[in-house]
Student: 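Dropping a structure here in structure tokens format, bear with me for questions.
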Protein chains: 2
Amino acid sequence: MAELSTPTARGPYRNGIKRRQQVVESASNVFAEFGYSGGSIRTIAARVGISPATLIQHFGSKEGLLEAVLEDWTNQSAVHFPDDMHGLAYFDGARRVMDFHLKHRGLIELFLTMTAEASSPVHPARNFIQRRYTDTYEGFVRHLREARESGEVHLGEDEIAYEARLLMAVMDGLELQWLIDPSVDLAGLFNRCLDECIRRWTMPSDR
Amino acid sequence: MAELSTPTARGPYRNGIKRRQQVVESASNVFAEFGYSGGSIRTIAARVGISPATLIQHFGSKEGLLEAVLEDWTNQSAVHFPDDMHGLAYFDGARRVMDFHLKHRGLIELFLTMTAEASSPVHPARNFIQRRYTDTYEGFVRHLREARESGEVHLGEDEIAYEARLLMAVMDGLELQWLIDPSVDLAGLFNRCLDECIRRWTMPSDR
DNA sequence: GTCTATAAGAAGATAGAC
DNA sequence: GTCTATCTTCTTATAGAC
């Protein structure tokens, strides 16, 4: 019984866990490449060298696999957005998020494909994506308010809402252009935009 | 023979043309809703009340139908972007583009879904989308240069490139947020952003 | 845990009648 | 021009052997 309590590197679930992670990564790539509808269980299974049946055995259904992919993606993203930083420093940390995205193209491909697909109310990832956007927006607003209270920036309440939405839009929009044409200088454009945002936010009597 | 030369409202192709347009509109909606992979010939045909076989007869293949959809979409978009305006007035006309998008949600859903899907090199709409982005970017740059030459704005060459990319990003990004959450005030946010862009561009010795 | 075999259905596309 | 019927292939998912 003791061996069964916690799966470890030597424990009984070692292979299962490793395999599961392999499948999730394969699925992320395939969904990023072909979308959720276009990416088939067969393709995903073939890339890790297992049968479609084994894959289904692990995740129950294609939708179960999607949930695992989205969960994994949240974890990967969360690691690289600064949760310990506050106020303006939080937005300065967004540069590192972009650097991370640049090095993990598949991750952002997955996210934007899912987001566009999930504009349909029947898409299985719709709730997840909606929540994700709400969380990001509220996070931006919260940190801008913090920055205002500490005197770092000078923004009214409606300006905070506007700037939060705009920054989100710029991030998504630049990433979209970069996906279509990888020669677009994503990091350069975003850093410049962030510089000007911060400059604008910190200017006294801005508007 | 005379009756066959040009299809008119009374000509022999009248029904065919009307039917064809119906199918293209249905396909636009279905592709917008489920993406290209997820949208099936069967669904598209059912919505216009014809058989899948008839649809294929008209367009040859699913990819042929996609081409017709993209062509139609270009025509619809082109009508509402001001080709007769130049310099700053051109960007002011972008407000009307947004108003048009707001009233034709399916069109923008189609565009953004296609764009995200087409980040994959094997997607049949990839070339089309790439060209579309290039054209838009070059259009923005051209009109900003015109505005500089006529003394309307004060921007360096690299600032023009930056502002063009950023405005494109804001449009796509705000539209994406609006698709996910229709309560987002797309027109309001964009108009405010455009106001500030124009204000920034027209400021002497901006940077 | 993983496989083969297979069910049950939907996909794109074709043939030929009307 | 549109249909029904059908082909082939591919889809997700299950059953049961090893």
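Bear in mind the structure is a predicted one, so any value in this text is a computation, not a measurement. We name chains A, B, ... by the order of the sequence lines, and we start the count at 1 in each one.
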Student: Considering only C/dT2, D/dT11, C/dA13, which nucleotide approaches the side chain of A/Ser40 most closely?
Tutor: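 The answer is D/dT11, which lies nearest to the side chain.
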
Student: May I ask you to verify if any side-chain N or O of A/Ser51 is less than 4.0 angstrom from the OP1 or OP2 atom of C/dC3?
Tutor: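 For A/Ser51, the contact criterion (side-chain N or O under 4.0 Å from OP1 or OP2 of C/dC3) is met.
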
Student: Round to a whole Å and report the spacing from CD1 of A/Ile41 to P of C/dA10.
Tutor: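 My rounded result for the distance is 17 Å.
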
Student: Report the distance from atom CG of B/Leu55 to atom P of D/dT4, rounded to the nearest whole Å.
Tutor: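 Rounding to the nearest Å, CG of B/Leu55 and P of D/dT4 are 14 Å apart.
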
Student: Rounded to the nearest Å, what distance is computed from the NZ atom of residue A/Lys62 to the P atom of nucleotide C/dA10?
Tutor: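 Value for this atom pair: 15 Å.
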
Student: Once you apply a heavy-atom cut-off of 4.0 Å, does B/Gly38 come out as touching a base, just sugar-phosphate, or nothing?
Tutor: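 Contact class for B/Gly38: none.
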
Student: How many whole angstroms separate atom CG of A/Leu65 from atom P of D/dT11?
Tutor: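 For the pair A/Leu65 CG and D/dT11 P, the rounded distance is 14 Å.
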
Student: Reading DNA chain D from 5' onward, which residue's closest nucleotide shows up sooner: A/Tyr36 or A/Gln57?
Tutor: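 Looking at the nearest nucleotide for each, A/Tyr36 comes out on the 5' side.
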
Student: Do B/Arg20 and B/Asp72 sit within salt-bridge range, that is, some charged N less than 4.0 Å from a carboxylate O?
Tutor: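 Looking at B/Arg20 and B/Asp72, the cut-off is not met.
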
Student: Regarding A/Gly64, tell me which of base, sugar-phosphate or nothing describes its non-hydrogen contacts under 4.0 Å with the strands shown.
Tutor: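 The answer is nothing, as A/Gly64 stays clear of every strand by at least 4.0 Å.
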
Student: A/His58 NE2 to C/dG1 P: how many Å, rounded?
Tutor: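 Roughly 7 Å, once rounded to whole Å.
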
Student: Under 4.0 angstrom, heavy atoms only, what part of the nucleic acid is A/Ile56 near: base, sugar-phosphate, or nothing?
Tutor: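 Since a base atom lies under 4.0 Å of A/Ile56, the category is base.
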
Student: Whole angstrom is fine here: how far is it from CD1 in B/Ile50 over to C1' in D/dC3?
Tutor: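 Atom-to-atom, B/Ile50 to D/dC3, this comes out as 11 Å.
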
Student: Check this one for me: any side-chain N or O of A/Thr54 less than 4.0 Å away from OP1 or OP2 of C/dC3?
Tutor: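 So the side chain of A/Thr54 is within the cut-off, an N or O lying under 4.0 Å from OP1 or OP2 of C/dC3.
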
Student: Measure from CD1 on A/Ile44 to P on D/dA13 and round the result to the nearest Å.
Tutor: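 The answer, rounded to whole Å, is 11 Å.
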
Student: For B/Glu63 and C/dA13, what is the distance between atoms CD and P respectively, to the nearest whole Å?
Tutor: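 Checked: the CD to P distance equals 9 Å.
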
Student: Is there a donor-acceptor contact under 3.5 Å linking the side chains of A/Asp172 and A/Tyr133?
Tutor: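 Yes, side-chain donor-acceptor contact under 3.5 Å.
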
Student: Could you tell me whether the phosphate oxygens of D/dC10, OP1 or OP2, come under 4.0 Å of any side-chain nitrogen or oxygen in A/Arg42?
Tutor: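 For D/dC10, OP1/OP2 do not have a side-chain N/O of A/Arg42 under 4.0 Å.
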
Student: Does any part of the side chain of A/Thr113, heavy atoms only, come nearer than 4.5 Å to the side chain of A/Phe34, both counted from C-beta?
Tutor: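 They are not in side-chain contact.
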
Student: Using only heavy-atom distances, determine whether the side chains of A/Ser51 and A/Thr54 contain a donor-acceptor pair under 3.5 Å.
Tutor: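 Yes, A/Thr54 and A/Ser51 have a side-chain donor paired with an acceptor closer than 3.5 Å.
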
Student: Would one find a side-chain N or O of B/Arg19 under 4.0 angstrom from OP1 or OP2 of D/dT2?
Tutor: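 True: B/Arg19 side-chain N/O within range (under 4.0 Å) of D/dT2 OP1/OP2.
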
Student: I'd like to know if A/Arg126 pairs up with A/Glu117 as an ion pair, taking the criterion as any Lys NZ or Arg NE/NH1/NH2 lying under 4.0 Å from an Asp or Glu carboxylate oxygen.
Tutor: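 A salt bridge is absent here (no side-chain N lies under 4.0 Å from a carboxylate O).
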
